[in-house]
Amino acid sequence: MKIYWSGDSKNIIGAKVRALRLEKKWSQHDLATKVQLLGCECSDLTILRIEKGDRFVPDYEVKALAMVFNVSYESLLDD
């Protein structure tokens, strides 16, 4: 597992996850449900903490989020 840390935040994908979620007009619950269907444990609180940068996001969750949003995982990780 690789952990990405930008210094101020525990992840570098939170803002992109929030933007993509809002673009699709999904609630945090909607996104959590879609991630769960890919086999990852996820809740509304998990999504909230990711978006706020309060939670590390393991590489397998980055991959699941990319799949849900139909984007490359590299695009989530780009600054």
Side-chain angles (χ1 to χ4, degrees):
M1 174 171 43
K2 185 171 184 178
I3 297 175
Y4 301 90
W5 185 319
S6 69
D8 296 331
S9 177
K10 292 184 178 177
N11 69 66
I12 60 173
I13 68 168
K16 289 184 183 175
V17 168
R18 179 174 166 69
L20 288 167
R21 179 179 63 79
L22 293 175
E23 182 180 299
K24 294 193 177 282
K25 297 182 170 73
W26 293 343
S27 67
Q28 290 172 337
H29 177 76
D30 294 336
L31 179 54
T33 300
K34 292 174 188 310
V35 172
Q36 287 172 5
L37 291 173
L38 293 175
C40 295
E41 288 189 31
C42 192
S43 68
D44 306 13
L45 180 59
T46 303
I47 300 301
L48 172 68
R49 292 182 66 215
I50 290 171
E51 290 181 354
K52 289 179 68 177
D54 293 340
R55 183 178 181 279
F56 287 111
V57 184
D59 52 3
Y60 63 90
E61 288 181 356
V62 173
K63 185 176 178 181
L65 287 162
M67 290 174 66
V68 166
F69 288 123
N70 197 28
V71 299
S72 69
Y73 59 87
E74 295 93 346
S75 70
L76 288 177
L77 297 172
D78 285 341
D79 287 340

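Keep in mind that this is a model prediction, so the values were computed, not measured.
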For the residue pair Tyr60 and Cys40, what are the closest heavy atoms and their distance?
CD1-SG, 4.0 Å
Backbone N/O of Arg55 and side chain of Arg49: donor-acceptor pair under 3.5 Å
no
Using a 4.5 Å cut-off on heavy atoms from C-beta on, say whether the side chain of Leu20 contacts that of Leu76.
yes
Same apolar cluster (I L V M F W Y, side chains within < 4.5 Å links), Leu48/Val35:
no
For Leu38 and Ala64, the nearest pair of non-hydrogen atoms, with its separation, is CD1-O, 3.5 Å
Which pair of heavy atoms, one from Leu31 and one from Val17, lies closest together, and at what distance?
CD2-CG1, 3.8 Å
Side chains of Gln36 and Glu41 in contact at under 4.5 Å (non-hydrogen atoms):
no
Give, for atom OG1 of Thr46 and atom CD of Gln28, the distance between the pair rounded to the nearest 0.5 Å.
10.0 Å
Linking I/L/V/M/F/W/Y whenever their side-chain heavy atoms sit closer than 4.5 Å, directly or via other members, would Leu37 and Val71 fall into one cluster?
no
How about Glu74: does its CD atom have over 12 heavy atoms from other parts shown lying under 6.0 Å from it?
yes
Write down the atom of Ile12, the atom of Leu77, and the distance for their closest heavy-atom approach.
CD1-O, 3.3 Å
Quick one: pull up CE in Met67 and OG in Ser72 and give me the separation to the nearest 0.5 Å.
13.0 Å
Heavy atoms of Glu61 and Val57 approach each other most closely as CB-CG1, 3.7 Å
Which heavy atom of Gly53 sits nearest a heavy atom of Ser9, and at what distance?
CA-OG, 3.1 Å
Will you find, in the side chains of Asp30 and Ser27, an N or O donor that is under 3.5 Å from an N or O acceptor?
yes
Short side-chain to backbone donor-acceptor contact, Asn11 and Phe56, under 3.5 Å
no
Heavy-atom check, side chain of Trp26 versus side chain of Val68, under 4.5 Å:
yes
Any salt bridge between Arg18 and Glu23, counting N to O under 4.0 Å?
no
Any non-hydrogen side-chain atom of Lys34 less than 4.5 Å from a side-chain atom of Phe69?
no
